[in-house]
K.L.:
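So that we are looking at the same thing, I have put the structure below in structure tokens.
Keep in mind that what you see is a predicted model, and the values were worked out from it rather than measured.
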Amino acid sequence: QVQLVESGGGGVQPGGSLRLSCAASGSIFSIGAMGWFRQVPGKQREMVARITSGGSITYRDSVKGRFTISRDNAKNMVYLQMNSLKPEDTAVYYCSLEARRVTYWGQGTQVTVSS
């Protein structure tokens, strides 16, 4: 069994910050990239940020300069520092972990940006 546990979501005002974290555990022997996706009702889940085991990073254009993804390979953890949050960032955020042939997902954590 593979489990991803997320934390750090909540409600903030526009311009505020949140730090999301995700810890992976279980029978994972070929951990590749880890990342963050988000989803709102009626829309497809979209990639926010992704980081490979070697440290290569990809961001969605709309979050570049505002979000920072990082990981701790020894602890199988991934983080997302979110600054200058906008109402458009409101969504359920999911942690992802890529193994050789499958991608695992966390339970999701709600991020709400409103005044």
Side-chain angles (χ1 to χ4, degrees):
Q1 274 278 38
V2 174
Q3 182 174 240
L4 277 63
V5 179
E6 299 157 304
S7 62
V12 296
Q13 296 185 77
S17 298
L18 285 173
R19 177 178 166 87
L20 306 183
S21 63
C22 173
S25 63
S27 301
I28 311 171
F29 299 99
S30 300
I31 297 176
M34 299 185 75
W36 293 93
F37 285 65
R38 65 189 182 188
Q39 187 172 28
V40 299
K43 297 183 65 177
Q44 292 288 111
R45 186 174 298 187
E46 61 186 27
M47 189 271 290
V48 177
R50 180 175 178 271
I51 182 169
T52 69
S53 59
S56 297
I57 295 172
T58 303
Y59 293 106
R60 185 177 191 84
D61 284 347
S62 62
V63 309
K64 288 180 179 177
R66 300 189 296 122
F67 292 9
T68 302
I69 188 171
S70 61
R71 68 185 291 168
D72 184 331
N73 290 331
K75 298 181 179 180
N76 293 141
M77 291 185 178
V78 63
Y79 308 90
L80 186 68
Q81 178 66 46
M82 304 185 293
N83 299 326
S84 301
L85 283 161
K86 304 175 179 180
E88 309 92 88
D89 296 317
T90 296
V92 177
Y93 283 69
Y94 297 89
C95 172
S96 68
L97 183 158
E98 299 174 24
R100 282 188 178 181
R101 296 175 288 106
V102 63
T103 299
Y104 300 96
W105 301 93
Q107 79 284 356
T109 184
Q110 177 71 46
V111 172
T112 302
V113 186
S114 65
S115 57

K.L.:
Output all residues satisfying salt bridge (charged side-chain N to carboxylate O under 4.0 Å, His left out) with Arg45, sequence neighbours left out; order by chain, then residue number.
P.N.:
none
K.L.:
Step by step, would you call Thr109 with Tyr94 a side chain to side chain contact (heavy atoms under 4.5 Å, CB included)?
P.N.:
CA-CA 7 Å; Thr109 184; Tyr94 297 89; over 6 Å; no
K.L.:
Going through the checks in order, is the side chain to side chain contact (heavy atoms under 4.5 Å, CB included) test met by Arg50 and Ile57?
P.N.:
CA-CA 6 Å; Arg50 180 175 178 271; Ile57 295 172; over 6 Å; no
K.L.:
Mind running side chain to side chain contact (heavy atoms under 4.5 Å, CB included) on Ile31 and Asn76 for me, showing each step along the way?
P.N.:
CA-CA 8 Å; Ile31 297 176; Asn76 293 141; 3.1 Å; yes
K.L.:
Any side-chain heavy-atom pair from Pro87 and Ser114 closer than 4.5 angstrom?
P.N.:
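No. Closest side-chain heavy atoms not under 4.5 Å.
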K.L.:
Quick one: does Phe37's side chain get under 4.5 Å of Val48's, heavy atoms only?
P.N.:
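The answer is no, as the side chains (C-beta and beyond) never meet within the 4.5 Å cut-off.
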K.L.:
If the condition is side-chain contact (heavy atoms from CB on, under 4.5 Å), which residues does Ala23 pass it with, not counting sequence neighbours?
P.N.:
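Applying side-chain contact (heavy atoms from CB on, under 4.5 Å) to Ala23 gives Met77.
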K.L.:
List for me each residue that meets side-chain contact (heavy atoms from CB on, under 4.5 Å) alongside Ala91, sequence neighbours excluded, and say none if there are none.
P.N.:
Arg38, Val40, Tyr93
K.L.:
Run the salt bridge (charged side-chain N to carboxylate O under 4.0 Å, His left out) test against Arg19 and tell me which residues pass, sequence neighbours left out.
P.N.:
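Arg19: no salt bridge (charged side-chain N to carboxylate O under 4.0 Å, His left out) contacts found.
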K.L.:
Applying side chain to side chain donor-acceptor pair (under 3.5 Å), can you list everything that pairs with Asn73, at least two apart in sequence or on another chain?
P.N.:
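Residues passing side chain to side chain donor-acceptor pair (under 3.5 Å) with Asn73: Arg71.
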K.L.:
Who passes side chain to side chain donor-acceptor pair (under 3.5 Å) against Ser7, sequence neighbours left out?
P.N.:
Ser21
K.L.:
Which heavy atom in Ala24 sits nearest to a heavy atom in Leu97, and how many Å separate them?
P.N.:
CB-CD1, 3.4 Å
K.L.:
Looking at side-chain heavy atoms only, is the closest gap between Val78 and Trp36 below 4.5 Å?
P.N.:
yes
K.L.:
Same cluster for Val92 and Leu20 if Ile/Leu/Val/Met/Phe/Trp/Tyr side chains link at under 4.5 Å?
P.N.:
no
K.L.:
If we only count heavy atoms from C-beta on, is the Leu18 to Leu85 side-chain gap below 4.5 Å?
P.N.:
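Counting from C-beta outward, Leu18 and Leu85 do come under 4.5 Å.
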K.L.:
Taking salt bridge (charged side-chain N to carboxylate O under 4.0 Å, His left out) as the definition, give me every residue that meets it alongside Lys64, ordered by chain and number, with sequence neighbours left out.
P.N.:
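By the salt bridge (charged side-chain N to carboxylate O under 4.0 Å, His left out) rule, Lys64 matches Asp61.
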K.L.:
Please tell me if the side chains of Tyr79 and Thr68 come closer than 4.5 Å, counting only heavy atoms from C-beta onward.
P.N.:
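Counting from C-beta outward, Tyr79 and Thr68 never come under 4.5 Å.
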K.L.:
In chain order, what residues pass the side chain to side chain donor-acceptor pair (under 3.5 Å) check against Thr90, with sequence neighbours excluded?
P.N.:
none
K.L.:
Using 0.5 Å steps for rounding, measure from the OG atom of Ser70 to the CD1 atom of Ile51.
P.N.:
6.5 Å
K.L.:
Can you name the side chain to side chain donor-acceptor pair (under 3.5 Å) partners of Ser17, sequence neighbours left out?
P.N.:
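With sequence neighbours excluded, Ser17 shows a side chain to side chain donor-acceptor pair (under 3.5 Å) to Asn83, given in chain and number order.
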K.L.:
Looking only at atom types and distance, does a side-chain atom of Gln13 sit under 3.5 Å from a main-chain N or O of Val113, one as donor and one as acceptor?
P.N.:
no
K.L.:
Run the side-chain contact (heavy atoms from CB on, under 4.5 Å) test against Val5 and tell me which residues pass, sequence neighbours left out.
P.N.:
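Scan of Val5 (side-chain contact (heavy atoms from CB on, under 4.5 Å), adjacent residues dropped) gives Gln3.
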K.L.:
Do the non-hydrogen side-chain atoms of Asp89 and Met82 ever get within less than 4.5 Å of each other?
P.N.:
no
K.L.:
Arg66 side chain to Ser84 main-chain N or O, any donor-acceptor pair under 3.5 Å?
P.N.:
yes
K.L.:
With disulfide (SG to SG under 2.5 Å) as the rule and sequence neighbours excluded, what pairs involving residues 66-115 come up?
P.N.:
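Sorted result for residues 66-115: Cys22-Cys95.
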K.L.:
My understanding is that only residues two or more places apart in sequence, or in another chain, count here; which of them pass side-chain contact (heavy atoms from CB on, under 4.5 Å) with Thr103?
P.N.:
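side-chain contact (heavy atoms from CB on, under 4.5 Å) check on Thr103 returns Ser96, Glu98, Trp105.
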